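Working notes, beginning with the structure itself.
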Protein chains: 2
Amino acid sequence: MNIVIDTRSRIIAAAKPRFHSRSYANVGIQEICESAGIQKGSFYHFFPSKRDLIVAVIEEFADEWANGFVAEAFDPALPPMERIDYLIDAAYFWQKSIKQVHGRMLGCIFGNLTLEVSTQDDILRAKLLAIFGRAKSRFMNTLDEAVAAGTIAPLDTSLTAEAMLAYLEGVILLAKSQNDPELLYRLGPAIKTLRVELTLS
Amino acid sequence: MNIVIDTRSRIIAAAKPRFHSRSYANVGIQEICESAGIQKGSFYHFFPSKRDLIVAVIEEFADEWANGFVAEAFDPALPPMERIDYLIDAAYFWQKSIKQVHGRMLGCIFGNLTLEVSTQDDILRAKLLAIFGRAKSRFMNTLDEAVAAGTIAPLDTSLTAEAMLAYLEGVILLAKSQNDPELLYRLGPAIKTLRVELTLS
DNA sequence: ATCCTAGTTGACCGATCGGTAAAATGCAAG
DNA sequence: CTTGCATTTTACCGATCGGTCAACTAGGAT
């Protein structure tokens with residue numbers, strides 16, 4: 001059992017940084033096997049297809065993300081709007097540290113994969129959609145709390161949450177085009193100015 | 001000369017929708033040649049490499065975009081902030097019409113390519129960066145005008161322009177993950193709430 | 001001691017990848 | 001009529017793609 005998990009997780013560990021730094025189509029099974037020190041037949045013992053691997057990679061990234069700095073950022077002990085500041089800060093420092101190690105701004109793997117595969121594979125699109133849905137919920141709950149506390153004026157928290165998530169992804173995209181995480185630092189805080197007003201119908 | 005241009009532009013015409021609807025790595029030269037009704041050797045007479053083709057495709061998209069609805073949207077005759085409304089509207093209707101024809105939300109090819117290739121190819125990244133730079137300038141000029149006219153309170157027009165562009169790309173990304181251009185309709189107008197204040201130093 | 005099964009290996013599949021080179025074609029200028 | 005050049009065709013290159021298969025190994029259970 002230990003060996004099983006070890007091999008499977010070595011595959012995922014080899015795949016994660018590659019899919020993050022390049023693209024789904026540009027990373028081959030063979031390269032992953034070489035990096036993990038296994039044979040291709042062994043890979044297909046654990047994963048029926050390349051798509052099953054990327055699903056596993058997506059899930060690992062999502063878990064590590066949800067239990068890592070995102071959990072810290074959306075700490076209920078923090079004042080609601082400060083959680084958003086914290087999240088932007090964390091995203092900035094994360095991208096910055098990746099660039100220091102890797103030499104490149106890699107951006108958000110969920111955004112990267114969304115734009116690459118979502119016209120070609122509805123199962124992957126659904127996976128990514130679910131992750132964005134959870135992210136939106138975090139924003140929305142935070143906004144609901146902020147409105148309840150009177151920190152901000154009432155607004156459409158559902159749509160504003162989606163707008164904030166979109167803005168974050170967009171800033172990361174633009175920063176990637178400049179290969180410069182500092183854009184996150186300059187543009188990130190403006191996320192709190194976004195507002196979708198309640199419709200009166 | 002006519003035939004030359006015709007073949008070359010038939011290649012580009014075959015390539016454009018494919019790169020837009022799938023991805024750079026997922027579209028092969030052979031498929032493009034078949035669609036254009038030519039042989040591979042003929043392709044390489046006009047384009048030294050696949051990258052030269054995608055550069056030409058990017059340029060064609062950029063031209064058609066700059067001379068099409070973007071030029072309409074940023075019409076100096078319109079009140080400045082209405083130009084931004086117009087742009088959002090145009091993006092929405094464009095994505096919607098593509099979906100009606102193609103069955104899919106294809107998103108922005110510049111955003112798509114940025115996330116796919118910008119860690120792997122600095123020349124392509126520079127091309128895309130230049131296009132985003134021009135888009136940012138349009139936003140900034142519009143904001144400058146709006147501030148001068150007193151339509152909006154003074155702000156950092158350079159950073160706010162970048163924030164608006166990022167937001168637009170982010171909304172398109174999220175809409176693509178939902179395969180639903182209606183998100184552009186719901187979230188788009190909030191672009192005008194984005195503000196980066198002037199720093200007092 | 002035997003059987004079963006999870007794991008692993010290495011050879012192999014047809015298809016496709018981006019790209020090349022030489023020969024054939026067509027056309028225009030001299 | 002011939003030369004020269006741009007264009008096009010055809011055949012081909014080595015490499016890699018995702019995926020399969022049969023044989024082999026190693027333990028644990030009976």
Side-chain angles (χ1 to χ4, degrees), chain A residues 1-58 112-113 116-125 127, chain B residues 1-19 21-58 113 116-125 127:
Chain A
M1 197 65 160
N2 265 337
I3 297 169
V4 174
I5 289 182
D6 191 58
T7 298
R8 201 189 121 98
S9 59
R10 275 212 333 273
I11 293 171
I12 294 177
K16 276 173 71 182
R18 285 173 172 77
F19 284 129
H20 192 195
S21 71
R22 311 227 290 284
S23 72
Y24 179 59
N26 198 58
V27 177
I29 306 292
Q30 191 161 312
E31 178 189 345
I32 290 167
C33 290
E34 279 164 15
S35 161
I38 58 161
Q39 299 309 116
K40 197 184 270 191
S42 202
F43 172 90
Y44 281 98
H45 177 73
F46 292 99
F47 298 97
S49 72
K50 188 185 183 185
R51 194 173 68 183
D52 291 275
L53 171 64
I54 194 67
V55 166
V57 167
I58 289 171
N112 296 350
L113 286 172
E116 182 183 0
V117 306
S118 65
T119 55
Q120 305 174 53
D121 190 321
D122 276 328
I123 290 170
L124 290 183
R125 189 172 63 78
K127 270 273 162 198
Chain B
M1 197 65 159
N2 266 333
I3 298 169
V4 174
I5 288 181
D6 191 61
T7 298
R8 201 189 121 99
S9 58
R10 277 213 331 275
I11 294 171
I12 294 177
K16 275 174 71 183
R18 285 172 172 77
F19 284 131
S21 70
R22 311 227 289 285
S23 72
Y24 179 60
N26 198 59
V27 177
I29 306 292
Q30 191 162 311
E31 177 190 346
I32 290 168
C33 290
E34 280 163 16
S35 161
I38 59 159
Q39 299 309 118
K40 197 184 270 191
S42 203
F43 172 90
Y44 281 98
H45 176 73
F46 293 99
F47 298 97
S49 71
K50 187 185 184 184
R51 193 174 67 184
D52 291 275
L53 171 63
I54 195 66
V55 166
V57 167
I58 289 170
L113 286 172
E116 182 182 0
V117 306
S118 64
T119 55
Q120 303 174 55
D121 191 320
D122 276 327
I123 290 171
L124 290 184
R125 188 171 65 78
K127 271 272 163 199

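Quick caveat, the model's predicted, so the values are computed rather than measured. A, B, ... follow the sequence lines: proteins, then strands. Residue 1 opens every chain.
- Side-chain to base pairing of K50(A) with dG19(D): no donor and acceptor N or O lie closer than 3.5 Å to each other.
- We find that R22(A) and E116(A) are not joined by a salt bridge, their nearest charged nitrogen and carboxylate oxygen being 4.0 Å or further apart.
- With a 6.0 Å radius and a threshold of 12 heavy atoms from other residues, nucleotides or ligands, K50(A) has its NZ atom above the threshold.
- Side-chain atoms of Y44(A) lie closest to dG19(D) of the nucleotides dT8(C), dG19(D), dT8(D).
- Ionic pairing of R125(B) and D121(B) is not present here: no N-O contact between side-chain nitrogen and carboxylate oxygen is shorter than 4.0 angstrom.
- Checking dG19(D), dA6(C), dT8(D) against every side-chain atom of T7(B), the shortest atom distance belongs to dT8(D).
- Atom CD1 of I11(A) is separated from atom NZ of K16(A) by 14.5 Å, given to the nearest 0.5 angstrom.
- With rounding to whole Å, I29(B) atom CD1 is found 12 Å from dT16(C) atom C1'.
- The 5' end of DNA chain D is approached more closely, in terms of each residue's nearest nucleotide, by I38(B) than by the other of Q30(A) and I38(B).
- G28(B) comes within 4.0 angstrom of sugar-phosphate atoms only, judged by non-hydrogen atoms across all strands, and of no base.
- Along DNA chain C, the nucleotide nearest to Q39(A) and the one nearest to S49(B) differ in position, and the one closer to the 5' end is contacted by Q39(A).
- No hydrogens or angles were tested; on distance alone, a donor-acceptor pair under 3.5 Å links the side chain of K40(B) to the base of dG19(C).
- Rounding to whole angstrom units, CD1 of residue I32(A) and C1' of dT16(D) are separated by 14 Å.
- Rounding to whole angstrom units, CZ of residue R10(B) and C1' of dT8(D) are separated by 12 Å.
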